[in-house]
Each structure stands twice: as C-alpha cells, then as structure tokens.
> 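Quick one: the structure is below, and I'll ask about it shortly.
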Amino acid sequence: MPGVLNEYLKNNPGVCTCSICQEDILALTLNELPPHYAVSLAGEIFTEVSLELIGGKAQIVSVITKNIKRVSNNPRHK
Ligand SMILES: [Zn+2]
C-alpha cells in the first residue's frame, strides 16, 4: 500500500485505491508540482514514504491529499 495514500486512508476509509485511481492521483500531482520536484521524487513519496518521514515535503503531501480527494470524489472508472 502506498505510503501517503495509506496514511490518508487511516482517516478516510472507503477511498478507492485501485491502480487506475492511484495512477490518476499521481498524474494530477505531478502536473501541479513545481518543476524542481523531480518526477521520481513525487513518485517515491507517493508510493514508499510515510507522512511522518516527509514533514519537510508538506507542499507535496498537500497536493497529493487534495488529488486523492478529487479522484475519490470523481473516479475515472464506474
Ligand atoms: Zn478506483
């Protein structure tokens, strides 16, 4: 289970975590991050690092969290 997504799910059960939704969340997040954040960095945070370990990356976390909400409220699949 992805790190940031897993942390979010602890407080928000019921959010879809299928591969389609995960890809959408990450794609939206990468589109919004400032250019100096490498794609690999955002992907790593999303998939492997827990919120507790990335306190200095609050901007990324906030974007990911926002996009989790966006995708879960309007998933690409039915
Ligand atoms: Zn889904």
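We count ligands from 1, going down the list as the structure has it; atoms in each ligand are counted the same way. In what follows, every heavy atom counts, from backbone to side chain, and hydrogens, waters and symmetry copies are set aside. Just so it is clear, the model here is predicted, and its values are computed rather than measured.
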> How close do V15 and N12 get, counting heavy atoms only, and between which atoms?
CG2-O, 3.3 Å
> Would you compute the distance between atom SG of C16 and atom CG of N73 and round it to the nearest 0.5 angstrom?
12.0 Å
> Using 2.8 Å as the cut-off, note every protein N, O or S atom close to the Zn ion (ligand 1).
C16 SG, C18 SG, C21 SG, H77 NE2
> In this structure, which one of V63, N67, I64 forms a side chain to side chain contact (heavy atoms under 4.5 Å, CB included) with L28?
N67
> Atom CZ in R76, atom CD in E23: separation rounded to 0.5 Å?
7.0 Å
> Please report the interatomic distance CD1(I20) to CD1(I25), rounded to the nearest 0.5 Å.
12.0 Å
> Return the minimal non-hydrogen interatomic distance between Q22 and T17, and the atom names on each side.
NE2-O, 2.7 Å
